[in-house]
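Down below is the structure, laid out as structure tokens.
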2 protein chains.
Amino acid sequence: MSDAILDKDLVIVRVAELYYEEGKTQDEIGALLGLSRFKVGRLLTEARTAGIVRIEIVHPRARRLGLERELRERYDLSEAVVVPASSDSADDLKRVARAAADQLTTLRPVPDTIAVSWGRTLTAVAAELKEGWARSVKVVQMNGGVSVNRRPGSASSLATTIARKASGQAVLLPSPAILDRLETKLAIESDRTVAGVLAQASEADVYLFTAGVCDYNSAHVENGYLNHEDVDELARRGAVGDVLGRYIDADGNIVDPELDARTVGISLNRLREATSSVFVTVGENKHDIARTVVSSGMCSTVITDEMTARALLEEL
Amino acid sequence: MSDAILDKDLVIVRVAELYYEEGKTQDEIGALLGLSRFKVGRLLTEARTAGIVRIEIVHPRARRLGLERELRERYDLSEAVVVPASSDSADDLKRVARAAADQLTTLRPVPDTIAVSWGRTLTAVAAELKEGWARSVKVVQMNGGVSVNRRPGSASSLATTIARKASGQAVLLPSPAILDRLETKLAIESDRTVAGVLAQASEADVYLFTAGVCDYNSAHVENGYLNHEDVDELARRGAVGDVLGRYIDADGNIVDPELDARTVGISLNRLREATSSVFVTVGENKHDIARTVVSSGMCSTVITDEMTARALLEEL
DNA sequence: CACTCAGTTGCTCATATGAGCAAAAGTTGG
DNA sequence: CCAACTTTTGCTCATATGAGCAACTGAGTG
């Protein structure tokens with residue numbers, strides 16, 4: 001092949017095939033093709049760099065470590081977990097939930113208390129956790145509203161499920177998410193029971209939360225806390241979504257202070273100050289609020305799908 | 001992770017990710033995960049074996065070396081070339097043609113004379129050959145019919161194209177593929193010009209041919225040598241297709257000796273006796289005739305697409 | 001509880017490969 | 001045609017990895 005008219009690409013392809021498919025050594029390939037083993041090595045490196053050789057990890061537990069590192073660096077996070085895109089995007093919620101379950105299971109030191117929010121995403125995480133994922137963790141609800149749960153068959157809330165699977169204790173927040181009048185909210189937050197739960201939430205070792213989208217499909221609308229006019233008004237004020245029931249704009253600022261004052265739960269600053277605040281998010285409709293959360297310091301760990309990760313890494 | 005509830009698959013995936021995506025050594029991975037480097041090595045081997053790590057050669061020039069070896073062994077071939085399936089199967093003809101062109105270019109010793117048949121497959125091969133693919137090769141037509149070419153714009157036959165690109169000489173066979181009467185055929189084959197060309201074809205170093213399917217789309221029907229009744233009769237007699245215009249059954253036997261006697265060109269036994277007979281075939285409609293060619297010793301080299309190769313390797 | 005057998009582990013030593021460097025080869029401009 | 005610069009090559013030496021083996025561990029049986 002030394003004086004044949006074959007171009008370089010063909011040589012690279014042959015070398016890659018002999019090495020990866022035939023299992024031949026670089027020495028053997030060099031002898032076969034009349035090249036030095038050093039040249040063969042360089043061609044293999046070029047084949048990998050140019051994408052002619054593609055090495056892919058194919059497994060439900062696989063991650064995208066390169067994207068994870070980029071996310072950590074871009075947003076100064078202590079941890080990022082990215083689940084590869086799959087051919088069945090309906091599967092993404094389950095796979096991100098499983099990755100979140102894996103991450104919780106490997107938290108070190110094992111937390112005494114975890115504060116959790118609620119929503120479909122965290123419900124999936126609770127479902128993916130294995131029995132005995134930890135030993136005796138107290139799971140505290142950190143924002144209101146879980147009692148207004150209309151889904152039939154969901155007898156135990158996600159906080160209860162997470163706690164049960166760790167042979168731990170669930171501490172539920174017996175309060176609506178949003179009160180009609182400020183006075184009522186202040187009264188409830190002063191009540192010893194509610195105040196005690198909020199205090200335990202504020203002292204948690206780990207915060208686990210997701211975010212909501214500011215649209216008509218919102219759990220707040222579904223559960224009667226907001227109506228369509230409310231949502232329109234919030235969107236008009238620039239809300240991209242809610243964290244712990246608190247509606248924020250792209251910069252992470254509360255868009256409606258009056259509404260916020262009537263909302264029950266710990267403050268967003270508590271997430272910013274926390275040593276370990278874990279944010280789980282899936283889906284294109286949440287890209288805007290996801291960007292806000294990671295860029296305004298509300299989380300130390302993000303767990304998400306590949307499409308969301310790529311969106312977060314795009315220049316705006 | 002030594003006492004975590006994570007299962008083995010998760011460990012394998014993490015190890016594979018750290019090695020192939022992060023470029024860490026087995027030593028480094030072992031230190032990170034609390035495993036020996038020997039254990040890490042075994043997990044990587046298992047990841048490759050189990051298909052969790054997939055290494056693929058992605059390039060228009062790529063081949064399927066494993067299938068090639070299986071074909072060589074199954075059919076006692078000296079060479080087999082298999083082109084990977086692509087997402088655009090319309091592209092297969094071009095890619096197989098390119099692989100055939102590559103193969104011709106690397107023939108050693110460089111042949112003095114090549115005998116060729118005709119058809120769309122070889123036309124594509126001629127198109128894929130580079131200028132100067134060889135130096136001064138004589139290309140001889142070994143079966144009749146090329147002159148009855150109705151395709152507009154195809155000013156030079158494939159034999160002429162192959163010869164020109166090698167700065168060589170084309171020797172065309174000035175004869176119809178099939179004669180109406182046996183006497184006419186005998187007369188033409190005795191003519192000094194035609195007899196000389198057939199003699200040169202019989203003495204070629206390399207034979208390059210494809211096969212035709214026994215159906216209404218056949219080039220013989222298109223060119224008026226056969227009509228639909230003829231095709232029906234051939235099929236009734238068990239014909240799976242034609243090689244050099246000669247219709248054969250699954251065992252490689254001539255199905256209509258009378259028709260065969262009126263057909264102009266070298267015999268199929270000459271292909272069987274040749275040192276180097278190269279068979280190029282693409283497409284599912286040719287699987288049956290392809291199987292006949294490779295299993296009845298008509299070729300020493302087969303060049304085909306992945307689907308055909310897999311069909312040829314299937315047990316019947 | 002002890003024995004046997006199968007599977008797994010960590011090791012030594014040999015082999016395979018890569019990094020960095022000096023020399024050689026190729027290209028470009030005057 | 002020659003000089004200067006860039007690119008490529010082959011090498012030495014260090015590192016990374018695998019094969020084969022002995023020892024260890026776990027499971028099953030009497």
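Remember, predicted model here, so these are calculated numbers, not experimental data. Order of the sequence lines sets the chain letters (A, B, ...), proteins ahead of strands, with each chain counted from 1.
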Query raised in the report: When you check the phosphate oxygens OP1 and OP2 of C:dT9, does a side-chain N or O of B:Ser36 lie under 4.0 Å from one of them?
Result: no
Query raised in the report: Under 4.0 Å between a side-chain N/O of A:Arg48 and OP1 or OP2 of C:dG18, yes or no?
Result: yes
Report task. Figure out the CG/P separation between A:Leu35 and D:dG10, and round it to whole Å. Result -> 8 Å
Query raised in the report: In whole angstrom, what separates B:Glu46's CD from C:dT9's P?
Result: 10 Å
**Report entry** Contact nearer the 5' end of DNA chain C, comparing A:Glu28 with A:Arg42
**Finding:** A:Glu28
Report summary line: Rounded to the nearest 0.5 Å, the CD atom of B:Glu17 sits from the CD atom of A:Glu68 at a distance of 7.5 Å
Report task. Send over the distance from A:Asp27 CG to D:dG18 P, rounded to a whole Å. Result -> 17 Å
Query raised in the report: Among C:dG18, D:dT17, C:dT12, which nucleotide sits nearest the side chain of B:Gln26?
Result: D:dT17
Requested in this report: Answer yes or no: does a side-chain N or O of B:Tyr19 lie under 4.0 Å from OP1 or OP2 of D:dT17?
Outcome: yes
Query raised in the report: Out of D:dT9, D:dA19, C:dT17, which nucleotide sits closest to the side chain of B:Phe38?
Result: D:dA19
Query raised in the report: So, A:Arg48 versus B:Tyr20: side-chain donor-acceptor pair below 3.5 Å or not?
Result: no
**Report entry** Side-chain H-bond candidate by donor/acceptor type, B:Asp102 with B:Thr105, under 3.5 Å
**Finding:** no
Query - Which nucleotide in C:dC13, D:dC11, C:dT17 has an atom nearest any side-chain atom of A:Arg37 - result: C:dT17
Query - Carboxylate-amine/guanidinium contact B:Arg164 B:Glu131, below 4.0 Å - result: yes
**Report entry** Candidate nucleotides C:dG10, C:dT17, D:dC11, ranked by approach to the side chain of B:Lys39 - the nearest
**Finding:** C:dG10
